[in-house]
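This report concerns only the one structure given below.
Start at 1 with the first residue, then count along the sequence. Side chains included, hydrogens not; waters and symmetry mates left out as well; all remaining heavy atoms used. Note that this is a predicted model, so its numbers are computed, not measured.
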Amino acid sequence: MTHFQIYFLGMLGIEALLLIPFSLKYPQLDKAAKYIYYYVIASIIFAVGSYYIGMILRQNNMWFVPILQFTQFVILSLFFRTVIKRHIIRQFILGMIGLCLLIFIFDYFKVSHFKEFLSIFEPIRTFILIAYGIIYFIQLLKDEYLIEQSITINTLPNFWFNAGLFIYHCCYFLLALAYNLLQQTGNTEDIKALTTIMMPVHYSSGALQIILFYIGLRKIKNVMP
């Protein structure tokens, strides 16, 4: 078994474990937390499907991977639309889903041809999710209700959910940019070298994301603004 498979299966196991407490606490989840729950489910489907196609069937799984990545983007966009209060930003998020759908279709059908990394869509959607995370964090810092009630942001589940997403997508954004550049050069050896270096970082950020999700889940009893 390769190091890549070990990392991959380890992450899959951690995600599956996280699904248990999320499922048990489902009746207590508000709308935002349910989107995180759906995101975890989509991540597991993503992992199992891509592993089965790529490692078991030994086929190119790049027709499958982008579909799940776009699905995750939609779920997380709805999460941020739920937690962000400003109406104009909420409307902007809906508009960006439509715009990114067009970018996805163009990249998927015209550029990658179901066989390659989505060099346009992936960096764009990751950058957008990072921007949403920053906007939400700034909102928490300036929230008058939290200040008046003396509520610290680290007691809020959505703070931890956002922290996990932010860390993961920051690491993934660097990977997406680097992989995109190397894909343009077509240097197979450089791509393999990048994978060897970046994959442990990528999976470590994924593991940290899950830990932060679990911390957020433990805070569910608190009010989620």
Side-chain angles (χ1 to χ4, degrees), residues 14-15 18-43 69-101 103 121-174 176-177 204-225:
I14 296 173
E15 288 177 340
L18 179 66
L19 197 60
I20 296 173
F22 256 110
S23 299
L24 293 175
K25 223 166 188 179
Y26 185 81
Q28 302 175 39
L29 303 182
D30 71 349
K31 189 174 182 180
K34 285 179 179 178
Y35 282 127
I36 296 298
Y37 178 66
Y38 302 147
Y39 169 72
V40 174
I41 293 175
S43 297
Q69 289 174 326
F70 180 76
T71 301
Q72 289 178 318
F73 172 74
V74 173
I75 293 172
L76 292 180
S77 293
L78 295 176
F79 164 76
F80 283 112
R81 186 173 186 271
T82 300
V83 300
I84 292 174
K85 295 181 179 180
R86 292 191 63 181
H87 177 73
I88 188 171
I89 297 178
R90 289 162 59 87
Q91 294 302 110
F92 175 80
I93 290 174
L94 283 181
M96 288 307 298
I97 292 177
L99 177 60
C100 285
L101 174 60
I103 295 173
F121 172 73
E122 276 303 292
I124 291 176
R125 70 109 185 179
T126 307
F127 178 79
I128 290 172
L129 292 175
I130 291 173
Y132 291 161
I134 295 173
I135 291 170
Y136 177 61
F137 182 68
I138 293 174
Q139 173 185 295
L140 289 179
L141 293 178
K142 296 182 177 181
D143 195 304
E144 294 182 0
Y145 172 80
L146 298 180
I147 296 173
E148 291 172 358
Q149 299 298 318
S150 299
I151 299 174
T152 57
I153 61 176
N154 64 354
T155 62
L156 303 174
N158 291 330
F159 166 78
W160 294 99
F161 295 151
N162 181 57
L165 293 170
F166 184 78
I167 292 172
Y168 174 77
H169 285 109
C170 283
C171 292
Y172 185 79
F173 184 66
L174 295 176
L177 289 178
S204 295
S205 67
L208 182 56
Q209 172 185 242
I210 292 172
I211 292 171
L212 294 175
F213 279 2
Y214 180 72
I215 294 174
L217 187 62
R218 295 294 300 270
K219 306 287 185 178
I220 287 293
K221 58 185 178 182
N222 296 314
V223 178
M224 290 190 280

Sorted by chain and residue number, the side-chain contact (heavy atoms from CB on, under 4.5 Å) partners of L99 (sequence neighbours excluded) come out as M96, I103
CG of L78 to CZ of R90, rounded to nearest 0.5 Å, is 10.5 Å
For the CD atom of Q209 and the OG atom of S43, what is their distance to the nearest 0.5 Å?
6.5 Å
Is I14 close to L18 at the side-chain level, that is, under 4.5 Å between some pair of heavy atoms?
no
Minimum-distance pair of heavy atoms, taken over all atoms of G216 and P157
O-CB, 3.3 Å
Provide the closest heavy-atom pair for I128 versus C100 in the form atom of the first, atom of the second, distance.
CD1-SG, 3.5 Å
Taking only residues two or more places apart in sequence, or in another chain, which ones meet F80 in a ring pair (Phe, Tyr, Trp, His ring centres under 6.0 Å)?
Y132
Side chains of I130 and F166 in contact at under 4.5 Å (non-hydrogen atoms):
yes
Please work out whether the ring planes of H169 and Y39 are parallel, tilted or perpendicular, with thresholds of 30° and 60°.
tilted
More than 12 heavy atoms from other groups under 6.0 Å of CD1 on I147:
yes
As an exercise, state the distance from CG of N158 to NZ of K219, rounded to the nearest 0.5 Å.
13.0 Å
Inter-residue atom distance I97.CD1 - R81.CZ, 0.5 Å rounding:
8.0 Å
Can you measure from CD1 (I153) to CH2 (W160) and round to the nearest 0.5 angstrom?
9.0 Å
Find out whether L156 and L146 are in side-chain contact, i.e. whether some heavy atom of one side chain is under 4.5 Å from a heavy atom of the other.
yes
A42 and I75: which non-hydrogen atoms are nearest, and at how many Å?
CB-CD1, 4.1 Å
For the residue pair K85 and D143, establish whether any side-chain heavy-atom pair is separated by less than 4.5 Å.
yes
Side-chain donor/acceptor of Q69 to backbone N/O of E122, under 3.5 Å
no
Parallel, tilted or perpendicular for F213 and F22, by the 30°/60° rule?
perpendicular
Run Y37 and Y26 through ring pair (Phe, Tyr, Trp, His ring centres under 6.0 Å) and show every step you take.
CA-CA 8 Å; Y37 178 66; Y26 185 81; 5.3 Å; yes
Rounded to the nearest 0.5 Å, what separates atom CD1 in I84 from atom CG in L140?
10.0 Å
Do T126 and F73 make a side-chain contact, defined as non-hydrogen atoms from C-beta onward lying under 4.5 Å apart?
no
Using only atom types and a distance under 3.5 Å, with no angle test, would you say the side chain of K25 pairs donor to acceptor with the backbone of L217?
yes
Shortest non-hydrogen contact from S77 to I93?
O-CG2, 3.3 Å
Give a yes or no on whether Q149 atom CD has more than 12 heavy-atom contacts from other residues, nucleotides or ligands under 6.0 Å away.
yes
Holding to ring pair (Phe, Tyr, Trp, His ring centres under 6.0 Å), I want the full list of residues that pass it with Y35, two or more places apart in sequence or in another chain.
none
Specify whether F79 and Y136 have parallel, tilted or perpendicular ring planes, treating 30° as the upper limit for parallel and 60° as the lower limit for perpendicular.
perpendicular
